[in-house]
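Written out below as structure tokens is the structure these notes cover.
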Protein chains: 2
Amino acid sequence: MGDSTQQLDRAFAALADPTRRGLVARLAVSDATVSELAEPYDVSFQAISKHVKVLQDAGLVTRSRDAQRRPVHLNAEALDSMTAWIERYRREAEDRYRRLDALLDRMTDDDQPPTQTKDES
Amino acid sequence: MGDSTQQLDRAFAALADPTRRGLVARLAVSDATVSELAEPYDVSFQAISKHVKVLQDAGLVTRSRDAQRRPVHLNAEALDSMTAWIERYRREAEDRYRRLDALLDRMTDDDQPPTQTKDES
DNA sequence: CATTTATTCAACCCATCGGTTGACAACGAT
DNA sequence: ATCGTTGTCAACCGATGGGTTGAATAAATG
């Protein structure tokens, strides 16, 4: 098992927190420093710094350096890998339901036993 | 903010665990009982039962009753709400980069100051 | 009724998480 | 060199999470 598993672990865990989802939403608008990010929240500055670190370890954001500032930048590719995982199984499940619906349709249209497809073993 | 926030909390947290992602992948193929789900794993049966409960509380799966059995069923709509959240901000961010790229292109093509669009305030 | 099968509930352990406060580090400005 | 700004690190606390084992529930079956 590669570390793509761990990366998904961290990415999903990161977005499980409403504060961190708020940070992501904010960063979708523009890059921002930790101080700017912390401003709307009622928690300590250090707490937001920790949250940003969690997002960073999950690969969801990157940092750069501009004098004392360390602007935070949203990494859209990491979001892609999450939707890729979800969509794969959602599609698989929906395809299955579609086949099942078609099967039931055939069974009610006429009482013939269904012909077996290669996907159903 | 309604409990759609809490629901997202739970959904993302649910998929943050590799075992639970494995269960989702398995359930994309077909519904299954807890015993069937537990079989490939090296942990106790009760641990898998707990995992299924987490998925259920997150709205990712539903249960039905068939004699003693309680088959677990993947709820594709819950997966949809997750991708909806992610895609919203991914698209927002990508649109921004596209505008920035276009801006830089204009600035390097000729040295004219860029004309302000309605999206940049 | 007693048993088997399928599943949950309860109590516990230890690790991790989100929050706090206080100290430290890096850099720009004076 | 000192100061202010920006940010991280470290230690701690209470709550939550994933795991365990053991007991309890629910329903078919002898």
TODO: Quick one: which residue pairs count as a side-chain hydrogen bond (donor to acceptor under 3.5 Å, both in side chains) with a foot in residues 44-53 of chain B, not counting sequence neighbours?
DONE: Arg20(B)-His51(B), Lys53(B)-Asp57(B)
Task: Residues forming a side-chain contact (heavy atoms from CB on, under 4.5 Å) with Arg88(B), sequence neighbours excluded - done: Glu92(B)
- [ ] Please list, chain by chain and in numerical order, all residues satisfying side-chain contact (heavy atoms from CB on, under 4.5 Å) with Glu39(B), sequence neighbours excluded.
- [x] none
TODO: Give the first and the last nucleotide of DNA chain C, reading 5' to 3', that has any atom under 4.0 Å from a heavy atom of chain A.
DONE: dG18(C) to dG28(C)
Task: Minimal non-hydrogen separation, Gly59(B) against Asn75(B), with atom names - done: O-ND2, 2.9 Å
Open item on the list: Restricting to non-hydrogen atoms, name the atom on Ala25(B) and the atom on Tyr89(A) that form the minimum distance, rounded to 0.1 Å.
Closed with: CB-CE2, 3.3 Å
Task: From CG (Leu60(B)) to CD (Glu77(B)), nearest 0.5 Å - done: 12.0 Å
Of all residues at least two apart in sequence or in a different chain, which pass the side-chain hydrogen bond (donor to acceptor under 3.5 Å, both in side chains) check with [X]?
| X | answer |
| --- | --- |
| Ser81(B) | none |
| Arg65(A) | none |
| Arg21(B) | Asp9(A) |

Task: B/S/- contact track for nucleotides 2-16 of chain D, protein heavy atom under 4.0 Å - done: ----SBBB-B-----
Task: Glu94(B): partners by salt bridge (Lys or Arg N to Asp or Glu O under 4.0 Å), with sequence neighbours left out - done: Arg90(B)
Open item on the list: Taking 4.0 Å as the cut-off, does a side-chain nitrogen or oxygen of Ser44(B) come that near to OP1 or OP2 on dG19(D)?
Closed with: no
Open item on the list: Heavy atoms within less than 4.0 Å of DNA chain C: which residues of residues 6-17 of chain A have one? Give them sorted by number.
Closed with: Asp17(A)
- [ ] Would you jot down, in residue-number order, the residues of residues 24-31 of chain A having a non-hydrogen atom under 4.0 Å from DNA chain C?
- [x] none
Task: Asp31(A)/Arg96(B) salt bridge by N-O under 4.0 Å criterion - done: yes
Task: Pairing residues for Tyr97(B) by the ring-ring contact (aromatic ring centres under 6.0 Å, His included) criterion, not counting sequence neighbours - done: His73(A)
